[in-house]
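Beneath this line is the structure, given in structure tokens, with notes to follow.
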Amino acid sequence: MSQATNQSWGGRFSEPTDAFVARFTASVTFDQRLAGQDIQGSIAHATMLARVGVLSDEERDAIIDGLTEIRGEIERGEFEWSVPLEDVHMNIEARLTQKIGITGKKLHTGRSRNDQVATDIRLFMRDAIDSIDSELSRLREGMIGLAEREADTIMPGFTHLQTAQPVTFGHHLLAWQEMLARDHERLLDTRKRVNVMPLGAAALAGTTYPIDRHVTAELLGFDRPAENSLDAVSDRDFAIEFTSFASILLMHLSRMSEELVLWTSAQFDFIDLPDRFCTGSSIMPQKKNPDVPELVRGKTGRVYGHLMSLLTLMKSQPLAYNKDNQEDKEPLFDAVDTVLDCLKAFADMVPAIEPKKESMLEAARRGFSTATDLADYLVRKGVAFRDAHEIVGQSVAFGLKEKKDLSEMTLEELKQFSDTIEADVFEVLTLEGSVAARNHIGGTAPDQVRAAASRALEALKAHREAK
Ligand code: ARG
């Protein structure tokens with residue numbers, strides 16, 4: 001195509017746009033992804049214009065039919081995108097005019113690309129949030145299900161990655177679930193501020209036509225029109241909020257991934273991931289690598305990057321619209337795609353985790369994980385906690401020398417350190433006794449884990465029904 005001046009705004013120009021500048025300033029290579037939302041917004045706009053008498057019903061119908069045909073062309077991959085036409089908005093409008101003639105040129109009455117693009121992105125983000133909402137629900141449901149099945153499975157709990165106290169695997173999974181429940185709240189909270197309509201702000205100050213923004217808002221399913229026209233065209237807080245949500249979510253998925261990677265190693269040997277989530281090595285035939293969690297961990301970086309891009313994009317912009325805003329799309333699109341892919345990977349993978357119960361139990365048995373239980377036992381018998389701590393420390397030192405866990409020592413051996421210790425001590429030194437004793441809300445006792453899992457499932461169900 002020749003480098004003619006763009007016909008949508010070329011009126012006041014005396015020379016054509018520089019070829020490089022045209023390419024540099026164009027966004028159509030990436031914003032064509034907003035085509036569906038752009039057409040949806042235009043149909044609502046035309047409908048409203050007809051309702052207030054700015055367009056005739058015939059004009060409205062011609063516009064809607066034309067746009068509907070264009071939607072088909074785009075879906076079938078027949079639409080010819082033009083870089084000289086700059087962006088998705090002008091590509092679609094030019095095609096409409098080509099199809100229906102002069103009436104196509106009336107569509108842009110009372111609107112600007114500034115309020116148009118802000119509306120398109122919000123519609124896109126609303127759809128994206130709704131898909132993420134479903135995928136996050138699916139992941140949480142699978143996680144809660146696994147937690148319920150593994151409510152009695154004992155594993156070592158860690159602090160500083162050193163064996164600390166025994167916990168149940170179900171309890172560990174429900175800790176993950178809590179992280180995701182908070183992410184879910186953040187997502188839905190963001191949606192409230194996404195679902196506000198900029199359309200009608202026009203370029204920055206509003207428009208002289210007798211538009212009815214409540215009509216357009218209702219047609220598009222927005223909660224309300226944005227209050228202030230200057231803010232409406234310039235605000236990208238919702239994009240920053242979304243990428244903040246996404247960054248925190250990916251941080252959580254990355255932590256979970258890290259644990260999955262550790263647990264599948266021969267050194268931990270806590271779980272097996274089905275072969276379909278792993279890949280082999282081209283040189284080492286014995287290898288089965290946890291690629292999916294590793295990749296999720298790796299993808300966290302790009303999402304943090306998008307958050308930084310958007311924060312920096314906005315930090316020095318004066319009101320109202322600036323071309324800088326065109327840079328909001330690629331980070332947002334990639335953040336959405338990455339979040340959806342990572343959630344899908346996790347939602348498919350988590351219910352398929354196969355815990356190696358014997359191996360987890362064995363690991364909990366090593367590492368004196370019931371030392372705190374012994375100290376608590378002594379305290380119950382009247383020993384001060386600090387003295388109890390000292391007594392147990394000496395017992396552990398003895399165990400390390402003799403290569404014996406506390407539960408494997410004889411009563412005589414234990415009595416060397418305190419004659420308060422009686423035969424009933426073995427009830428607390430077992431792993432089962434240790435976890436069962438933490439029997440309060442939020443504790444790791446299997447009964448508590450089962451109760452917590454059913455509460456979590458109820459909350460999730462309530463959310464789904466509220467939709
Ligand atoms: N492609 C532009 C964007 O993404 C659309 C709005 C352009 N507005 C303008 N006044 N140049 O932000």
Side-chain angles (χ1 to χ4, degrees), residues 1 3-13 16-18 20-42 45 67 70 74 79 81-97 105 107-128 194 196-207 226 229-240 242-243 306 309-336:
M1 189 158 175
Q3 282 310 316
T5 303
N6 189 306
Q7 46 179 320
S8 302
W9 42 252
R12 60 100 73 208
F13 286 74
T17 313
D18 178 87
F20 165 74
V21 172
R23 182 176 66 71
F24 184 66
T25 54
S27 54
V28 69
T29 50
F30 52 86
D31 69 11
Q32 53 181 269
R33 192 162 167 182
L34 297 173
Q37 288 79 13
D38 197 67
I39 290 173
Q40 187 186 358
S42 291
H45 181 64
L67 287 171
I70 293 171
I74 294 170
F79 192 92
W81 296 102
S82 151
V83 173
L85 283 172
E86 215 177 306
D87 55 28
V88 61
H89 323 293
M90 293 200 288
N91 266 266
I92 292 175
E93 194 190 306
R95 178 76 183 121
L96 181 68
T97 302
K105 295 188 181 178
L107 170 61
H108 212 51
T109 313
R111 137 183 126 166
S112 148
R113 279 184 296 153
N114 297 351
D115 59 342
Q116 187 179 357
V117 71
T119 303
D120 291 1
I121 315 169
R122 285 169 183 268
L123 288 171
F124 174 87
M125 289 311 300
R126 191 178 69 192
D127 292 346
V194 166
V196 175
M197 188 191 72
L199 209 58
L204 77 163
T207 176
S229 64
L230 294 169
D231 180 53
V233 291
S234 88
D235 171 38
R236 295 293 183 275
D237 290 3
F238 66 92
I240 294 172
F242 176 80
T243 40
H306 298 325
S309 299
L310 291 171
L311 281 168
T312 313
L313 175 68
M314 297 310 296
K315 74 174 272 291
S316 303
Q317 284 196 49
L319 289 173
Y321 177 87
N322 302 280
K323 185 75 167 178
D324 313 41
N325 281 345
Q326 183 164 292
E327 285 289 305
D328 64 353
K329 290 167 201 66
E330 288 161 293
L332 260 185
F333 292 161
D334 189 72
V336 167

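Order of listing sets the numbers, starting from 1, for every ligand and every atom in it. Since this is a predicted model, take the numbers as computed values, not measurements.
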Interatomic spacing from CZ in F333 to CG in L34 - rounded to 0.5 Å: 4.0 Å

Nitrogen or oxygen atoms of Y321 and ligand 1 under 3.5 Å apart: yes

Neighbour count >12 (heavy atoms, 6.0 Å) for atom NZ, K315: no

Proximal atoms of ligand 1 relative to Q326 (non-hydrogen, under 4.0 Å): 1 (N), 2 (C), 3 (C), 4 (O), 12 (O)

Atom 9 (C) of ligand 1: nearest protein contact (heavy atom, Å): N114 OD1, 3.5 Å

Check: L199 main-chain N/O paired with D115 side-chain donor or acceptor under 3.5 Å: no

D324 side chain to L313 backbone, donor-acceptor under 3.5 Å: no

Identity and separation of the nearest protein heavy atom to atom 11 (N) of ligand 1: R113 NH2, 3.6 Å

Heavy-atom donor-acceptor pair, Q326 side chain to T25 backbone, under 3.5 Å: yes

Non-hydrogen atom of Q116 closer than 4.0 Å to ligand 1: no

Enumerated ligand 1 atoms positioned under 4.0 Å from heavy atoms of D87: 1 (N), 2 (C), 5 (C)

Ligand-side contact atoms (ligand 1) for residue partner S27, heavy atom cut-off under 4.0 Å: 1 (N)

Within-cut-off N or O pair, N325 and ligand 1, under 3.5 Å: no

K329: numbered ligand 1 atoms lying under 4.0 Å from its heavy atoms: 3 (C), 4 (O), 12 (O)

Whether F24 and F20 hold their rings parallel, tilted or perpendicular, with breakpoints at 30° and 60°: parallel

Single hit among Q32, Q116, R113 for side chain to side chain donor-acceptor pair (under 3.5 Å) with D87: R113

